[in-house]
Protein chains: 2
Amino acid sequence: MDNFNLGSMVRDHRKKAGLTQLELANLAGVGKTTVFDIEKNKETVRWNNLLAVLEVLNIKVEFTSPLTK
Amino acid sequence: MDNFNLGSMVRDHRKKAGLTQLELANLAGVGKTTVFDIEKNKETVRWNNLLAVLEVLNIKVEFTSPLTK
DNA sequence: TTACAATTACTGTTATAACGGTAAAAACGT
DNA sequence: ACGTTTTTACCGTTATAACAGTAATTGTAA
């Protein structure tokens, strides 16, 4: 029912990668607080920082709309 | 070949919705500069601001990974 | 071309995310 | 239980995104 939670997804992937928040932060080139905030679903993080974290975890982002074919 | 451009997508959708940058900004509750920046692919915008703009344009975001089934 | 509308670019101010440090609280293993 | 690691929470400082002007440039329609 579409209550998707990005924070949980990030956390799950990080765990499966065997990384701590600090290690992930360093790999992504962001501060540990940012990783913490992302996992807590704080949406005021910067888009580029979120992207950097997702990239490390091999999570792809897709944008779709009714106009998308 | 995967040179996806979010800025162009936002611009296209905005045009098709018949909105100016300023109108979109107001609808999304962000400043006009932010809309401009998004269309220019400036990735340092805040995630929540980007989300607000995408929502107005009815663009959905999806996160996928090899672990996603 | 001429007006008008929209976009782009720049500026100064304000709000706040990012960051590292620290410390307390949870989680984990032995 | 115990010690170790990780996570959570809070803090002060710094960097910078967000914002509303404004003006210049580009685009559009007549």
Side-chain angles (χ1 to χ4, degrees):
Chain A
M1 284 105 75
D2 207 66
N3 50 343
F4 170 73
N5 190 315
L6 179 59
S8 304
M9 181 174 185
V10 167
R11 155 156 303 209
D12 283 354
H13 280 68
R14 174 175 63 78
K15 291 286 193 188
K16 280 181 179 134
L19 297 171
T20 67
Q21 290 181 339
L22 183 57
E23 288 170 330
L24 174 55
N26 290 337
L27 284 172
V30 304
K32 62 181 172 35
T33 311
T34 298
V35 170
F36 174 72
D37 288 343
I38 290 173
E39 294 191 357
K40 279 278 175 179
N41 292 298
K42 205 175 154 209
E43 295 184 333
T44 49
V45 293
R46 272 186 230 152
W47 175 225
N48 62 327
N49 283 346
L50 177 56
L51 274 180
V53 168
L54 295 180
E55 189 140 355
V56 170
L57 297 176
N58 200 27
I59 297 176
K60 304 271 182 246
V61 190
E62 263 186 46
F63 301 95
T64 60
S65 87
L67 298 171
T68 309
K69 200 94 351 66
Chain B
M1 283 104 79
D2 207 65
N3 49 345
F4 170 74
N5 190 315
L6 179 58
S8 304
M9 180 174 185
V10 167
R11 153 156 304 207
D12 283 356
H13 280 67
R14 174 175 65 77
K15 291 286 193 190
K16 280 184 179 130
L19 297 171
T20 67
Q21 290 181 337
L22 183 57
E23 288 169 330
L24 174 54
N26 291 336
L27 285 173
V30 304
K32 62 180 172 36
T33 312
T34 298
V35 170
F36 174 72
D37 288 343
I38 290 173
E39 293 190 357
K40 279 276 173 180
N41 293 298
K42 203 175 155 213
E43 294 185 333
T44 49
V45 294
R46 275 185 227 151
W47 175 227
N48 61 326
N49 284 346
L50 177 56
L51 273 181
V53 168
L54 295 180
E55 188 140 359
V56 170
L57 298 175
N58 201 25
I59 298 175
K60 305 271 182 246
V61 189
E62 265 186 44
F63 300 96
T64 60
S65 88
L67 298 171
T68 309
K69 202 66 24 40

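Lettering of chains follows the sequences in order, A, B, ..., and the numbering in each one begins at 1.
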*D/dA17 OP1/OP2 closer than 4.0 Å to side-chain N/O of B/Thr34*: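 It does not, given that no N or O in the side chain of B/Thr34 lies less than 4.0 Å from OP1 or OP2 of D/dA17.
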_Closest heavy-atom pair and its distance - A/Phe63, A/Thr68_ =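 What the structure gives for the nearest pair is O-OG1, 4.4 Å.
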*Provide the closest heavy-atom pair for B/Leu6 versus B/Asn41 in the form atom of the first, atom of the second, distance.*
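Smallest heavy-atom distance, with atoms named: N-OD1, 3.7 Å.
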*NA contact type, A/Asn49, heavy-atom cut-off 4.0 Å: base, sugar-phosphate, or nothing?*
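Sugar-phosphate: the residue A/Asn49, judged by heavy atoms under 4.0 Å, touches backbone atoms but no base.
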*asked:* Is it the case that the side chain of B/Asp37 and the backbone of B/Lys42 share a donor-acceptor pair, with hydrogens and angles ignored and the cut-off at 3.5 Å?
replied: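 Answer holds: no.
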*Report yes or no: does A/Glu23 contribute a side-chain atom to a donor-acceptor pair with the main-chain N or O of A/Thr20 at less than 3.5 Å?*
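It does hold such a pair.
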In this structure, how many angstroms lie between the [atom2] atom of [N] and the [atom1] atom of [X], rounded?
| X | N | atom1 | atom2 | answer |
| --- | --- | --- | --- | --- |
| A/Arg46 | D/dT16 | CZ | P | 7 Å |
| A/Asn26 | C/dA18 | CG | P | 16 Å |
| A/Lys42 | D/dA17 | NZ | P | 16 Å |
| B/Leu50 | D/dA17 | CG | P | 14 Å |

*Below 4.0 angstrom, N of the basic side chain to O of the carboxylate: do B/Arg46 and A/Glu43 qualify?*
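No.
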All N/O contacts under 3.5 Å from nucleotides 5-12 of chain C to the protein, with atom names and distances to one decimal?
unit_1 : atom_1 : unit_2  : atom_2 : d
C/dT7  : OP1    : B/Arg14 : NH1    : 2.6
C/dT7  : OP1    : B/Arg14 : NH2    : 3.0
C/dT7  : OP1    : B/Lys15 : NZ     : 3.3
C/dT7  : OP2    : B/Gln21 : N      : 3.0
C/dT8  : OP1    : B/Arg11 : NH2    : 3.3
C/dT8  : OP2    : B/Arg11 : NH2    : 2.9
C/dT8  : OP2    : B/Gln21 : NE2    : 3.0

Please tabulate, for the side chains in residues 47-60 of chain B, all donor-acceptor contacts under 3.5 angstrom to protein atoms that are two or more places apart in sequence or on a different chain.
none

